[in-house]
Amino acid sequence: MPFNPLEWIVSTNAHYQPQRRPCLELKAQLDGFFSDELLASAGFVILDELPSPPRAQVAALGLDELLSPSAMGLTLADTYYLKPPAAGQLRVHFHELVHVVQWQALGTARFVERYLQEIRQHGYRQAPLEQMAYELEHRFALNPGSHFDAQARVLSLLGLY
Ligand SMILES: [Zn+2]
């Protein structure tokens with residue numbers, strides 16, 4: 001059966017639902033960057049190993065880079081997965097929340113198609129959707145007390161505002 005990324009995303013999130021924690025837990029630190037509505041709809045799961053499709057399937061898609069052992073987080077729709085060392089780093093939460101916003105703005109099918117295409121074309125670190133997440137994460141990390149509307153910024157950068 002051919003690998004279907006969309007089915008894998010849905011089944012993975014369903015599998016980890018019992019361990020999922022709402023991002024509203026981070027409201028005190030992320031207020032002013034993300035709306036309550038976004039923080040309530042997004043959630044995170046802490047795992048020793050990030051969820052991954054079968055390695056052969058990922059390689060067939062030309063996406064080996066995504067399985068880097070150094071990866072600390074992975075966003076799948078409204079849920080992101082973090083390794084324990086990343087869970088205490090607010091900037092990593094911020095980065096993954098940018099992906100949640102991108103995902104909501106584009107819709108799952110468009111996000112996945114665009115993300116995979118960008119990784120193939122530019123590589124992981126240079127993919128525009130990643131650059132956006134790193135840029136906003138960096139801005140937050142430099143000055144966590146200086147609020148900006150991260151959701152509006154994402155929509156603007158995506159050309160969707
Ligand atoms: Zn990222």
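First listed ligand is number 1; within each ligand, the first listed atom is number 1. Values in this document were obtained by computation on a predicted structure and should not be read as measured data. Scope of the values below: all heavy atoms of this structure, side chains included, with no hydrogens, waters or symmetry mates.
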I want to verify a count. Protein N, O or S atoms less than 2.8 Å away from the Zn ion (ligand 1), how many are there?
4
Has R153 got its NZ or CZ under 6.0 Å from the middle of the six-membered ring of F148, at an angle within 45 degrees of the ring axis?
no
Decide, yes or no, whether a salt bridge links D48 with K83 under the criterion of side-chain N to carboxylate O below 4.0 Å.
no
One thing to verify: whether E135 and R139 come together as a salt bridge, which I'm taking to mean a side-chain N less than 4.0 angstrom from a carboxylate O.
no
Just checking, is any N or O donor in the side chain of H99 or Y115 under 3.5 Å from an acceptor N or O on the other one?
no
Quick one: closest heavy-atom pair of D31 and H147, and the distance?
O-NE2, 3.2 Å
When rounded to the nearest 0.5 angstrom, what is the spacing between CH2 in W103 and CD in E96?
10.5 Å
